[in-house]
Amino acid sequence: MSGDHSHNEDQIDCGSRVNGRDVICLTCMFHPVSRFMSQTSRLILAVGDSYKHKDKYKEKEHKHKDHKKDKEREKSKHGNSDYRDSSDKKHRDKEKEKMKHKDGSTVKYKDKHKEKRKEEKIKALDGKVKKEKENGFASPQHVKSEPEDNFYHSPKHEKSLKRERDDDNDSEFKPKKIKTENDKKAKKRKQDDGGIKSKKTKNKKGEVIDGKKKAKKEPEEKWKWWEEERYTDGVKWKFLEHKGPVFAPSYEPLPSNVRFYYDGKPMKLSPEAEEVATFFAKMLDHEYTTKEIFRKNFFKDWRKEMTSEEKAKITDLKKCNFCEMNEYFKTQSEARKAMTKEEKQKIKEENERVLQEYGYCIMDNHRERIANFRIEPPGLFRGRGDHPKMGMLKRRIRPQDIIINCSKDSKHPAPPPGTKWKEVRHDNKVTWLVSWTENIQGSIKYIMLNPSSRIKGEKDWQKYETARRLKSCVDRIRNQYREDWKSKEMRIRQRAVALYFIDKLALRAGNEKEEGETADTVGCCSLRVEHIKLYPESDGQEYVVEFDFLGKDSIRYYNKVPVEKRVFKNVQLFMENKEPDDDLFDRLNTSILNKHLQELMDGLTAKVFRTYNASITLQQQLKELTNSEENIPAKILSYNRANRAVAILCNHQRAPPKTFEKSMQNLQTKIDAKRGQLSDARRELKSAKADAKVRKDVKSRKTVETKRKAVQRIEEQLMKLEVQATDREENKQIALGTSKLNYLDPRISVAWCKKWGIPIEKIYNKTQREKFAWAIDMADKDFEF
DNA sequence: GATATAACTTAGCAAACGCGAA
DNA sequence: TTCGCGTTTGCTAAGTTATATC
């Protein structure tokens, strides 16, 4: 795996090991993709668990924190000087003069926020609570190759794709009305497509039950919602009926022989305290339970559940022994695995029954699958990365916490006997069926429909249509932000540079986050000076910017990329006279950016660039990598490589599977065996040929043919295995699923499959085919994103 | 305009599932 | 039939964006 080249000065060499993890350069890792990756970018991939420490990274953070501490003191002495006012470099002075000219305001958008962060940081440091970056994952980042031929004009907007549904302002949402409306639609479609499936889709409410049975027996008869009209004016549905959520099973106290020990002595806990103790006991093998914050938060919340006697006695978590409880749960889990077939079958049937009862709702005459109909059970909060709230108790949700959303005229879900819902509302401007407020962040959680549902599918389709519209005006937008790099106003320059990063590197928007409430992660607009390094020259390239920060889910983004001179100079300017923990874009936030984007194109937001660039990259890559001469497995490898290119662009990483090495070894063994088989078969063919030459009879000629076919078959099998090995190796720490599910217009994949005669099942599994049913149905082989 | 809140999408991990080899 | 492994599915945290409120 080791490459013969090395990366940058303070970078890690390809093939070396950092803190026990392999460092792999993607250029070595998979060539076809690297072909389109910028030759100048340097991609380093450090292998490891996303939330594990990486000392090198940590060290750097430490340095920054210490540095920050010093600077804080200095700053409090001298006040916060405006970086625009002092510079010893001539050209920058000139730039600054220009800036001042038009942008004389002294108030920076983010000052308040920044100050707060500083205060808290000082507090944290004073309190000797050192925050460390947990994630040691370096991103396998690549720079999107910028398409030059973006002048394709999508002929239609999503709005024009379908006629808008008449909004009859029906505030009552009576099924009767729906029927009338549907009858109209049925007539319309009869004209359109000969009325296929009209019977089922046109059923009135009472007949849906019938459709239920039908759906089970004849799953091929699916509702083509994409052939119908859409609602307008924010109405999401007109009729909604469901059975409410399924609550977590109530707590079952431990058997008396399973004991908790405090300070070496057995201690019987009250049911409330015991339940919370089991949450911790179940996690004993997890790294979480060794983390100081986790333990602190857990213990604090656990004590809240204790009786006063327990509280008085249990004062030190270190003296708590949960081992017996932990053993008990392990035994339970073993027992579950060892259940008889019949027992397992019974459980399966019960699950199916619950699914049938609670897992579906009726929305506008159709029985639709609900995504998450079970309420999240109580437990300990497991935040990602260095989360300040990890270990806190996630409390049990009760009926009185639940808000039900359904039609007025539907059969309302009944709360469990003796309980009440918090509220039953009838809001058809939202898509959720059930909601509750969670106690860790105070955010609202929802029960919504499955991705295969009309309501989700329509939105998904619309998302890709917006991205396709961007395709037709991306050149104009790019030209504009290039112009804006020269603006006299700082805020406009910042906006333009940020947009360039979002477009070129597929960065997320980067909202501001409340300090101390979540892990310290950033996106584009919230980048800080400490996340960027500038190299006027590096590795023979000019104007190189190095990004190193923790993004969503505390996944590390690392990328060293050459940028245009003007961008470089601007970033230099933005960084001037700032502290490491100052915002890079102090005059920009996501709201400002998105407002600007909205002006450039209707419906345009920062995240559309991610969708657009992901999809366009897939399409380009498929064109480039697919070889018409190759067989199906080879073509699928090409598809996966194109998919991989997108995953790299979007920085979708995964921890290498625990069994990765072993599984590669197994595959290699298979390959070796197959090679042996092949040489045997070839030998046999040779001798059969020789034999046939001597004998010259039909039988021996037949034998030759048989042997020839055997060789061919084995060759094919070997090729398949080798392709599989390549694919798996290249995929070691790249997650394809996220981009496939969320960023790639499915019509591109469907068109590709149709063009090359690849069964769609090879690209999408059952769930994915359900989600993308609309695309599978509507895209033909000539579809262009 | 700033801030809070609501609604919805995107994200990675791990348990469950299911299939082929032994 | 069992076992081991790859794949699928469920789970829920963590983002983005729109909207409401002050």
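Letters go in sequence order (proteins before strands), and every chain restarts at 1. FYI, side chains are in, hydrogens and waters are out, and symmetry mates aren't considered; it's all heavy atoms of this structure.
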Only residue of Asp520(A), Asp586(A), Asp583(A) satisfying salt bridge (charged side-chain N to carboxylate O under 4.0 Å, His left out) with Arg528(A) is Asp520(A)

If you check the Asn742(A) side chain, which of dA11(B), dA7(B), dG18(B) turns out closest?
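Comparing dA11(B), dA7(B), dG18(B) against the side chain of Asn742(A), the answer is dA11(B).
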
Within the pair [X] and [N], is there a side-chain N or O less than 4.0 Å away from OP1 or OP2?
X	N	result
Arg556(A)	dG12(B)	no
His286(A)	dA14(B)	yes
Ser443(A)	dA6(B)	no
Tyr743(A)	dA11(B)	yes

Just checking [X]: base, sugar-phosphate only, or nothing, at a heavy-atom cut-off of under 4.0 Å?
X	value
Lys389(A)	nothing
Arg369(A)	sugar-phosphate
Lys459(A)	sugar-phosphate
Arg336(A)	nothing

Atom-to-atom span, [atom1] of [X] to [atom2] of [N] - whole angstrom:
X	N	atom1	atom2	result
Arg769(A)	dT8(C)	CZ	C1'	12 Å
Glu458(A)	dT9(B)	CD	P	12 Å
Glu761(A)	dT7(C)	CD	P	16 Å
Ile636(A)	dT7(C)	CD1	C1'	15 Å
Leu355(A)	dC11(C)	CG	C1'	16 Å
Leu588(A)	dG1(B)	CG	P	15 Å
Asn351(A)	dC11(C)	CG	C1'	15 Å
Trp436(A)	dA6(B)	CH2	P	15 Å

Could you say whether Ser591(A) or Ala735(A) is positioned toward the 5' end of DNA chain B, judged by the nucleotide with the nearest heavy atom to each?
Ser591(A)

When the nearest nucleotide of DNA chain B is assigned to Asp427(A) and to Lys348(A) on a heavy-atom basis, which residue is associated with the more 5' position?
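Of the two residues, Asp427(A) wins.
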
Nucleic acid footprint by protein, nucleotides 12-22 of chain C - heavy-atom cut-off 4.0 Å, B for base, S for sugar-phosphate alone:
BBBSBBS----

Consider only side-chain N and O atoms of [X] and [Y], and report whether a donor and an acceptor are under 3.5 Å apart.
X	Y	value
Tyr231(A)	Asn428(A)	no
Lys513(A)	Thr521(A)	yes
Thr431(A)	Tyr446(A)	no

With Tyr764(A), which residues qualify under ring pair (Phe, Tyr, Trp, His ring centres under 6.0 Å), at least two apart?
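Checked Tyr764(A) against ring pair (Phe, Tyr, Trp, His ring centres under 6.0 Å); matches are Phe772(A).
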
Below 4.0 angstrom, N of the basic side chain to O of the carboxylate: do [X] and [Y] qualify?
X	Y	value
Arg336(A)	Glu343(A)	no
Glu458(A)	Arg230(A)	no
Lys346(A)	Glu349(A)	no

